[in-house]
Asks: 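Handing you a structure now.
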Amino acid sequence: MEYEAVIGLETHVQLKTCTKMWCGCANEYGADANTNVCPVCLGLPGVLPVPNAEALRLTALTGFLLNCDVPGYAKWDRKNYFYPDNPKNYQLTQLDFPSTITGFVEFELGEELESVRINRAHLEEDVGKSFHFADYSGVDFNRAGVPLLEIVTEPDITSGDMAYEYLNALKSILEYGGVSDCDMEKGQVRCDVNISVRPKGQQELGEKIEIKNMNSFSGVRRAAEYEIARQIEVLEEGGQLVQETRRWDDDAGITDSMRTKEDAHDYRYFPDPDLMPHRPSEEWLATIREEVVELPLARKRRLMEQYELPTGDADVFVGDAALGNYFEEAAKGLNNPKQAANWVINNLQAKLVETETSVVNLKFPAVAIGELIGLVEGGQISSKIAQEVFAEMFASGKSPATIVEEKGLSQVSDSGELEAFCREAIEANPGPADDFRSGKEAALNFLKGQVMKASRGKANPQMVGELLAKILNG
Amino acid sequence: MAHFLTIHQLLEQLRAGELSSREATQACLDRVEKVDDRLNAFISVDAADALAQADAADQSRAAGEDLPMLGVPVAVKDVLAVKDQPLNCASKILGEFNSPYDATVIQKLRAAGAVVFGRLNMDEFAMGSSNENSAFGPARNPWNTDCIPGGSSGGSAVAVAADECIASLGSDTGGSIRQPAALCGCVGLKPTYGRVSRYGLVAFASSLDQVGPFTKDVRDAATLLQVIAGSDDRDSTNVPEPVPDYSAALSGEVKGLRIGLPREYQVQGMDPEVKAATDAAVKQLESLGAEVKEISLPHTEYAIATYYIIATAEASANLARFEGVRYGARLDGADPEEMNRKTRGAGFGEEVKRRIILGTYVLSSGYYDAYYLRAQKVRTLIRQDFLKAFEEVDLIASPTTPTPAFKIGEKVGDPLQMYLSDIYTISCNLAGLCGISVPCGFSEAGLPIGLQLLGKPFGEPDLLRAAHAYEQATDWHTHRPNLD
């Protein structure tokens with residue numbers, strides 16, 4: 001029998017705010033334990049939460065980036081469970097009236113364009129972090145109360161690869177939108193995977209298995225692949241799957257059971273009486289809509305169409321948005337934008353890496369790239385000289401024309417001057433000259449190289465070839 | 001003798017230079033020393049801190065400063081956070097915890113120049129109607145120390161009624177200010193929900209809790225409310241409604257004020273002496289020019305059930321933070337769960353555990369709709385009853401409690417009977433109204449009886465106007481228990 005997998009993802013993303021969700025403590029990674037804390041985020045007796053306006057804004061912005069609706073009414077609920085890293089022993093979250101609902105994320109999977117529906121992206125608070133020592137445990141509450149967005153997909157994902165590409169797409173959207181840094185190393189993105197299998201064609205879903213707290217995308221892919229195979233194997237051997245929560249062991253590459261449905265939590269959700277519902281106004285939403293940036297996939301498609309770039313080039317400019325913006329600036333008004341792309345990707349990018357700088361710190365404006373291309377196309381300099389001019393532009397910020405002028409790099413196209421160079425070369429190298437005369441065409445290249453050398457690269461190579469042939473055949 | 005003074009009497013003497021804040025504060029501390037062995041109104045008193053504040057107030061006054069309550073000693077219920085003072089909520093579970101911050105109402109008191117002192121006894125986590133649920137032993141009624149003072153703010157009422165302070169703060173979730181004020185013979189005011197910041201008030205039931213004043217007369221209630229009311233950026237449920245000048249309402253004029261008597265409040269079990277005293281009080285208001293008419297609050301009979309579902313549900317989450325991980329008493333266990341069980345098992349009293357279990361139950365999967373959700377709907381109906389009634393009347397009058405103070409131990413074994421003693425006060429919190437209790441007589445046994453007036457949301461001026469006019473026409477508020 002053939003089986004298919006049904007996968008839904010719940011991705012937790014820390015929002016890039018200055019302060020925490022309910023208090024003024026810094027939202028900052030890497031500080032000494034329990035230094036970014038106050039009575040509110042420690043859950044001391046008597047404290048109350050006050051919503052972070054920036055987090056609400058970033059949530060709505062995320063909604064727009066994920067093609068979601070932002071309803072006119074959202075509220076907060078308490079999710080009750082005891083854990084030492086949970087300061088109030090309830091977590092504030094949004095159960096039935098989240099801040100954003102029903103969107104989708106588009107991404108490429110191989111050659112195909114895929115889309116995964118978003119059920120909701122709701123706002124909640126992060127908890128502290130437990131540390132276990134030899135004979136005691138401790139909790140760092142610096143992370144407690146950091147605004148956390150939970151982005152929940154519909155069960156539209158069918159493979160580990162698809163899950164992986166969705167997560168990459170989501171990450172780049174959130175980074176593009178300035179919503180989150182999505183730094184996996186800092187635990188800013190964590191993922192729960194819901195996965196089941198069913199015989200192909202069957203409507204009813206199989207028993208859902210949840211894999212909790214994944215912190216790498218490749219881990220999600222591997223865990224999904226493992227879990228799909230495991231579930232199919234159980235079914236094929238005539239076994240039964242039960243709804244359960246499993247843990248991914250990255251080293252062993254397997255999942256194992258944490259708890260089954262019987263001992264699942266009853267979170268006893270109810271509306272938080274300390275917070276008022278959030279009713280976003282149309283004016284407020286309008287200002288946020290203005291901040292919506294072009295999404296990576298849309299950008300890629302536009303670059304390919306507008307500038308006739310190959311996929312590879314477009315990918316570079318999507319992966320490095322600043323470089324892409326620079327390219328677009330350089331390509332303005334050019335007949336052949338591909339040339340600009342070549343300069344930016346092959347020359348500029350290499351130089352930036354070599355000198356550890358970024359495009360924002362460049363000494364020359366983007367239009368200079370166009371000018372440089374113009375000089376080559378107009379025959380004023382050779383491509384080889386252009387490399388030299390570019391290096392000087394990068395170092396001094398001077399315009400290409402100025403550099404050519406100052407260094408006397410202008411291509412020599414004066415036929416009298418060139419003829420003198422050619423005759424010198426023929427006289428100095430009688431062997432190759434005779435070779436050419438006796439029919440060895442290739443010998444011309446040697447002579448041409450001598451002329452270029454003597455002219456310090458400035459001779460117009462095409463004219464040199466023609467002149468040499470003319471003199472030798474003459 | 002300064003401890004017998006009201007806020008306005010004391011301020012007059014402080015302003016005239018006849019008395020210093022140190023003398024007034026010392027008088028209160030001496031009074032505590034003298035009578036509190038018998039009353040147990042205070043869990044603790046930091047005398048040195050109180051006197052240091054008093055001295056600072058005296059210096060400010062000497063420097064020409066005057067503030068609304070400069071130098072007036074105000075005692076505080078053990079549920080409000082005061083920086084560097086113990087915060088126990090009359091529970092064992094908080095252990096040696098001292099608050100690292102001031103509640104907003106405490107900040108406001110300090111800004112108004114008050115001397116903030118003492119930790120007043122209460123029912124543990126404000127859960128109770130008799131002050132018997134205190135880990136520090138029951139507070140006792142100053143009119144008869146065999147009787148309960150009411151609760152949960154029992155200590156706050158006793159301290160004012162027994163002149164151990166000039167005024168005090170308490171909190172009211174279902175009657176916890178008005179009921180003990182009535183049973184101890186002082187004035188207690190529950191402000192409209194959202195009128196006073198809850199930041200720093202340890203939550204029992206967040207959607208019902210309000211901080212409010214206990215005072216020796218209505219004028220003082222207006223003064224203290226003026227100080228503590230107002231918006232607060234740290235409390236999202238605080239309403240940014242301008243605070244009126246409450247003293248301006250104390251005109252003595254009630255002509256044309258419409259007072260409603262709910263038909264449904266004529267319940268069985270109302271003590272005849274209580275009925276007689278409150279009927280007389282309403283007559284008194286009528287003779288002063290108020291219009292009295294019968295009204296209906298059809299959903300009254302559901303109030304107590306509704307209250308005990310919503311309040312316990314909220315409490316079950318609010319009290320989850322007390323498990324010894326970050327602060328308070330802790331009993332070690334092999335794992336976090338065992339630590340929780342042991343700490344909470346030993347730290348909470350019976351009534352608190354009962355309510356946490358009840359609240360946990362009503363929120364449980366499969367029961368939520370039948371209990372919590374339905375209770376929220378009934379709560380809306382109860383609120384609508386009142387808003388409808390307030391289209392016809394300005395105030396609603398009733399007894400504050402169905403009986404005078406009962407004996408300590410009398411209802412301990414019967415929580416339901418205990419819950420019924422809140423029957424007149426509970427709806428006010430469910431509907432988010434304001435309410436006041438003023439002394440209106442005594443039983444034959446010499447126990448105080450209180451008249452309750454309820455006002456519409458932000459209707460505190462009407463409440464104070466009527467209570468003040470009544471008080472001017474009677475002398476019940478001037479009676480003092482004999483503690484010599």
Side-chain angles (χ1 to χ4, degrees), chain A residues 22-24 34 37-53 75-92 95-96 127-128 130 132 135-141 144 261 263-278, chain B residues 79-81 87-89 94 97 99-104 125 197-203 205-209 232-238 310 313-314 316-328 335-337 339-341 344 359-368 372-373 376:
Chain A
W22 315 114
C23 62
N34 293 310
V37 292
C38 74
V40 173
C41 56
L42 284 174
L44 293 196
V47 297
L48 296 170
V50 177
N52 180 333
K75 74 171 173 68
W76 303 97
D77 299 282
R78 292 183 180 182
K79 176 181 179 180
N80 295 287
Y81 68 95
F82 281 93
Y83 204 74
D85 66 11
N86 186 5
K88 302 181 290 293
N89 287 312
Y90 60 80
Q91 182 191 26
L92 289 170
L95 178 68
D96 47 2
V127 294
S130 298
H132 303 289
D135 52 357
Y136 68 101
S137 295
V139 187
D140 176 6
F141 289 99
K261 193 185 175 185
D263 37 42
H265 287 295
D266 179 357
Y267 290 118
R268 306 190 313 279
Y269 287 96
F270 74 105
D272 182 32
D274 287 332
L275 289 166
M276 305 305 285
H278 182 228
Chain B
V79 75
L80 286 163
L87 177 57
N88 290 101
C89 304
L94 274 149
F97 183 73
S99 175
Y101 74 99
D102 271 338
T104 297
F125 284 104
S197 169
R198 292 188 297 115
Y199 187 82
L201 167 68
V202 181
S206 314
S207 74
L208 301 160
D209 297 339
D232 179 12
D233 291 342
R234 289 182 300 187
D235 178 358
S236 309
T237 62
N238 208 250
I310 291 171
E314 292 179 6
S316 71
N318 284 333
L319 270 60
R321 70 188 61 191
F322 304 105
E323 33 52 325
V325 170
R326 285 145 295 126
Y327 49 81
D335 55 37
E337 188 174 327
M339 185 172 91
N340 267 1
R341 283 179 196 281
R344 290 165 67 80
T360 303
Y361 178 75
V362 299
L363 290 174
S364 295
S365 160
Y367 297 97
Y368 180 90
Y372 183 79
L373 198 62
Q376 287 291 14

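This one's a predicted model, so the numbers in the text were calculated from it and none came from an experiment.
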Asks: At a heavy-atom separation under 4.5 Å, does B:Thr360 approach chain A through its side chain, its backbone, both, or neither?
Replies: both
Asks: Quick one: of B:Ser364, B:Gly366, B:Ser207, who has the most non-hydrogen atom pairs under 4.5 Å with chain A?
Replies: B:Ser364
Asks: Can you tell which of A:Leu44, A:Asn80, A:Leu275 has the highest number of heavy-atom pairs within less than 4.5 Å of chain B?
Replies: A:Leu44
Asks: Counting only non-hydrogen atoms closer than 4.5 Å, does A:Pro39 touch chain B with its backbone (N, CA, C, O), its side chain (CB onward), both, or neither?
Replies: side chain
Asks: Select one option (side chain, backbone, both, neither) describing which atoms of B:Asp233 are under 4.5 Å from chain A's heavy atoms.
Replies: backbone
Asks: Please state whether the side chain, the backbone, both or neither of A:Phe270 comes within less than 4.5 Å of a heavy atom of chain B.
Replies: both
Asks: Between B:Pro336, B:Ala317, B:Ser197, which shows the greatest number of heavy-atom pairs under 4.5 Å with chain A?
Replies: B:Ala317
Asks: If I measure from the heavy atoms of chain A, does B:Tyr101 come under 4.5 Å with its side chain, its backbone, both, or neither?
Replies: side chain
Asks: When only pairs under 4.5 Å are counted, which of B:Leu87, B:Leu201, B:Leu94 shares the most heavy-atom pairs with chain A?
Replies: B:Leu201
Asks: Between B:Ala205 and chain A, with a heavy-atom cut-off of 4.5 Å, which part of the residue counts as in contact: side chain, backbone, both or neither?
Replies: neither
Asks: Enter the distance from A:Asn89:CG to A:Gln91:CD here, rounded to the nearest 0.5 Å.
Replies: 11.5 Å
Asks: Distance from A:Tyr90 atom OH to B:Arg321 atom CZ, nearest 0.5 Å?
Replies: 4.5 Å
Asks: Check whether A:Asn86 reaches the backbone of A:Phe82 with its side chain - one donor and one acceptor, N or O, closer than 3.5 Å.
Replies: no
Asks: Any idea which of A:Pro49, A:Gly43, A:Pro84 has the most non-hydrogen atom pairs under 4.5 angstrom with chain B?
Replies: A:Gly43
Asks: Between A:Asp77 and A:Lys75, does any side-chain N to carboxylate O distance fall below 4.0 Å?
Replies: yes
Asks: Donor-acceptor pair, B:Arg234 side chain versus A:Leu48 backbone, under 3.5 Å?
Replies: no
Asks: Return yes if some donor-acceptor pair links the side-chain N/O of A:Asn52 with the main-chain N/O of A:Trp22 below 3.5 Å, else return no.
Replies: no
Asks: Going through the distances and angles, do A:Lys88 and A:Val47 end up as a side-chain contact (heavy atoms from CB on, under 4.5 Å)?
Replies: CA-CA 10 Å; A:Lys88 302 181 290 293; A:Val47 297; over 6 Å; no
Asks: For B:Asp235, is it the side chain, the backbone, both, or neither that has a heavy atom closer than 4.5 Å to a heavy atom of chain A?
Replies: both
Asks: Should B:Asp232 and B:Arg198 be marked as a salt bridge (charged side-chain N to carboxylate O under 4.0 Å, His left out) after you check the CA-CA gap, both sets of side-chain angles, and the distance that decides it?
Replies: CA-CA 9 Å; B:Asp232 179 12; B:Arg198 292 188 297 115; over 6 Å; no
Asks: Of the backbone (N, CA, C, O) and the side chain (C-beta and beyond), which part of A:Asp266 lies under 4.5 Å from a heavy atom of chain B, both, or neither?
Replies: side chain
Asks: What part of B:Val325 is in contact with chain A, defined as an atom under 4.5 angstrom from a non-hydrogen atom: side chain, backbone, both or neither?
Replies: side chain
Asks: Is it the side chain or the backbone of A:Phe141 that comes within 4.5 Å of chain B heavy atoms, both, or neither?
Replies: side chain
Asks: With B:Arg326, which residues qualify under side-chain hydrogen bond (donor to acceptor under 3.5 Å, both in side chains), at least two apart?
Replies: B:Glu323
Asks: Determine the interplanar angle of the B:Phe125 and B:Phe322 rings, folded into 0 to 90°, and report it as parallel if under 30°, tilted if 30 to 60°, perpendicular if over 60°.
Replies: tilted
Asks: In terms of heavy-atom proximity below 4.5 Å to chain A, should B:Phe97 be classed as side chain, backbone, both, or neither?
Replies: side chain
